[in-house]
K.L.:
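Let me give you the structure first, and then I'll get to my questions.
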There are 2 protein chains.
Amino acid sequence: MNDKIKSNIQYTNAAPILAAVDCIIFGVQENELQLLVFKREVEPLSGQWSLIGDFIKKDESVAVAARRVLEEVTGFNDIYMKQLHLFGELNRDPGDRVLSVAYWSLIRIDQVHQSFKARNHESKWVSFNKIPDLVLDHNEMVNMAIQTLREKARFHPIGFELLPAEFTIPQLLMVYEAIYNRKIDDRNFRKKILKSELLDRLEKKDKSTSKKGSFLYKFNNETYKKLQKEGYYFDF
Amino acid sequence: MNDKIKSNIQYTNAAPILAAVDCIIFGVQENELQLLVFKREVEPLSGQWSLIGDFIKKDESVAVAARRVLEEVTGFNDIYMKQLHLFGELNRDPGDRVLSVAYWSLIRIDQVHQSFKARNHESKWVSFNKIPDLVLDHNEMVNMAIQTLREKARFHPIGFELLPAEFTIPQLLMVYEAIYNRKIDDRNFRKKILKSELLDRLEKKDKSTSKKGSFLYKFNNETYKKLQKEGYYFDF
DNA sequence: TCAAAAGTGTTATTACTACACCCATGT
DNA sequence: ACATGGGTGTAGTAATAACACTTTTGA
């Protein structure tokens, strides 16, 4: 199936349409869920805040296009990324009829620290509750993404995607508090997450945030797969 | 924003691509989740089983295109329908480079009884566990849709979308058993659904399936909205 | 009268919530 | 010695799962 494309268009009644990807990039910093926004570089609306995106090339798949855009700005190609929705209102883009498929992604705190601004685009992190006006329907995309992130986080262990591979329980708690924007009971959180056996405790401690130091854990993907098969779901 | 389209293409670097919608139509019949499949009418692969779909027109939104396709085959325009995913692998369609956005929909049993075959296409219902080989990546679409349906049904009361406005509890139970393909305890199901106050009992009974007759209920959308605000979720 | 589906309650177990104090350590 | 964040346990409440018999009525 990989080299079957014919050069002549067989579907003669159909009209081709421009198609783009836009990336919603989330991170957690300063105890808050944050969004990475960019200065738009093309007309119309050049200079306004925007999601990062690009047109899909004729010879690349949608998934590859999304990865390409994300990798171009972050430098990473192993980032958690999910398709959100295809936005296809007729006049969503005053520049032309353009379909846009939005992807949302979660960036790890340690990766965040490498400076993104070095990479080709003017950008900044903004708190999810102070998102500026963005071009086109990008605010709508972001709102849908936040809702999807919250739904997903409730039953799938994606909080880990926002942390380095080795993390502490207080860090993980902070991520969930940031995602849901509410306090979560410390002791109950611990009990629940440790009982699930989704975390393996390491022999090391992270002493960067306290004198006592906090044990480092890593996510146990084998347990996760096993629990998933049994119909377990993760609920915070 | 509604009449801003310019006739000249401003995005000069971008290549337009064909875009289509495909509809995954679910119903419940004979205690099983069923899928409506169609004989494909265009080359290539004409005559093989397929989802129903069409190209998106240059002057219609994606959502309108999906409604149009669904209404053309069913005659109904108030059917529950959600966007599933944009499928965009390079060579997913041997006829050309085509993006396809899949939608899934739930058809009510009473609507199903109006004969679809009268409406322009050769079609049949197939049980979800005996789905034939479909053209292109349509089997992949269906599998993703079943999974999404199950996830959605677990926390959103969409079982009702597969039933007439007035239904009995045994019917509703049957729908959930069909979606999850497993037995659900009768008494616990009743207790849970009645305690939620999502159902209003009518003074009528449906005597079509038993001599005793079973009370008819309807879904209380006001209670649902109220519960939703309070963070309630529906879990079977 | 009997077959077929509708309807009903209890108990044991498990999960959840709310809540306050001690621990370890670097300064 | 003290300030800071890390770590722990219990008890009351609510939700869940497992389980079997009676009711109604048309044929």
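Proteins come first, then strands; the chains are lettered A, B, ... in the order of their sequence lines, and each starts at number 1. Hydrogens, waters and symmetry mates play no part in the numbers below; they use all other heavy atoms, side chains included.
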K.L.:
Scan B/Asp185, B/Ile184, B/Asp186 and name whichever one has a side chain to side chain contact (heavy atoms under 4.5 Å, CB included) with B/Asn188.
P.N.:
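The single option meeting the side chain to side chain contact (heavy atoms under 4.5 Å, CB included) with B/Asn188 is B/Asp185.
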
K.L.:
Relative to the ring of B/His85, is the ring of B/Phe87 parallel (under 30°), tilted (30 to 60°) or perpendicular (over 60°)?
P.N.:
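Plane angle over 60°, so perpendicular.
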
K.L.:
Quick one, A/Trp104 with A/Tyr80, criterion ring pair (Phe, Tyr, Trp, His ring centres under 6.0 Å). Give me CA distance, side-chain angles, the key distance, then yes/no.
P.N.:
CA-CA 8 Å; A/Trp104 58 283; A/Tyr80 181 90; 5.7 Å; yes

K.L.:
Within this structure, what is the CZ-to-C1' distance between B/Phe215 and D/dT23, rounded to whole angstrom?
P.N.:
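Going from CZ in B/Phe215 over to C1' in D/dT23 covers 12 Å.
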
K.L.:
Would you mind reading off the distance between A/Leu194 atom CG and D/dG9 atom P, rounded to a whole angstrom?
P.N.:
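So the two atoms are 12 Å apart, to the nearest Å.
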
K.L.:
Which of these, A/Arg108, A/Lys218, A/Lys204, A/Arg201, sits in a salt bridge (charged side-chain N to carboxylate O under 4.0 Å, His left out) with A/Glu166?
P.N.:
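Single pass found, and it is A/Lys204.
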
K.L.:
Side chains of B/Asn143 and B/Gln147, heavy atoms from C-beta outward: is any pair under 4.5 Å?
P.N.:
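A side-chain contact under 4.5 Å is absent here.
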
K.L.:
For a quick check, with a 4.0 angstrom heavy-atom cut-off, what is the B/S/- contact string for nucleotides 9-17 of chain C, read 5' to 3'?
P.N.:
BB----SSB

K.L.:
Rounded to the nearest Å, what distance is computed from the NZ atom of residue B/Lys183 to the C1' atom of nucleotide D/dA17?
P.N.:
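One finds 16 Å between C1' of D/dA17 and NZ of B/Lys183, rounded.
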
K.L.:
Can you classify the ring geometry of B/Phe38 versus B/His121 as parallel (below 30°), tilted (30 to 60°) or perpendicular (above 60°)?
P.N.:
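Ring orientation, 0 to 90° scale: perpendicular.
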
K.L.:
Could you check whether any side-chain heavy atom of A/Met144 comes within less than 4.5 Å of a side-chain heavy atom of A/Leu84, counting everything from C-beta outward?
P.N.:
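A side-chain contact under 4.5 Å exists here.
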
K.L.:
For A/Arg150, is there any backbone N or O sitting under 3.5 Å from a side-chain donor or acceptor partner on A/Tyr180?
P.N.:
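Yes, A/Tyr180 side chain to A/Arg150 backbone: donor-acceptor pair under 3.5 Å.
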
K.L.:
As a test of reading the structure: which of D/dA27, D/dG6, C/dG26 is closest to the side chain of A/Lys207, going by heavy atoms?
P.N.:
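Closest nucleotide among those given: C/dG26.
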
K.L.:
What are the residues of residues 155-180 of chain A, sorted by number, that bring a heavy atom to within less than 4.0 Å of DNA chain C?
P.N.:
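Those residues whose heavy atoms fall under 4.0 Å from DNA chain C, taken from residues 155-180 of chain A, amount to none.
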
K.L.:
Can you find a donor-acceptor N/O pair under 3.5 angstrom joining the side chain of A/Lys212 to the base of C/dA24?
P.N.:
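Check fails, no donor-acceptor contact within cut-off.
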
K.L.:
Mind checking whether B/His138 and B/Ser100 have side chains closer than 4.5 Å, heavy atoms only?
P.N.:
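Of all side-chain heavy-atom pairs linking B/Ser100 with B/His138, none is under 4.5 Å.
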
K.L.:
Nearest heavy atom decides the nucleotide; on that basis, is A/Asp186 or A/Lys211 closer to the 5' end of DNA chain D?
P.N.:
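Nearest nucleotide further toward 5': that of A/Lys211.
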
K.L.:
Taking CZ from A/Arg190 and C1' from D/dG5, how many angstroms apart are they, rounded to a whole number?
P.N.:
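Answer to the nearest Å: 10 Å.
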
K.L.:
Under 4.0 Å: is that the gap between some side-chain N or O of B/Ser214 and OP1 or OP2 of C/dG7?
P.N.:
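For B/Ser214, the contact criterion (side-chain N or O under 4.0 Å from OP1 or OP2 of C/dG7) is met.
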
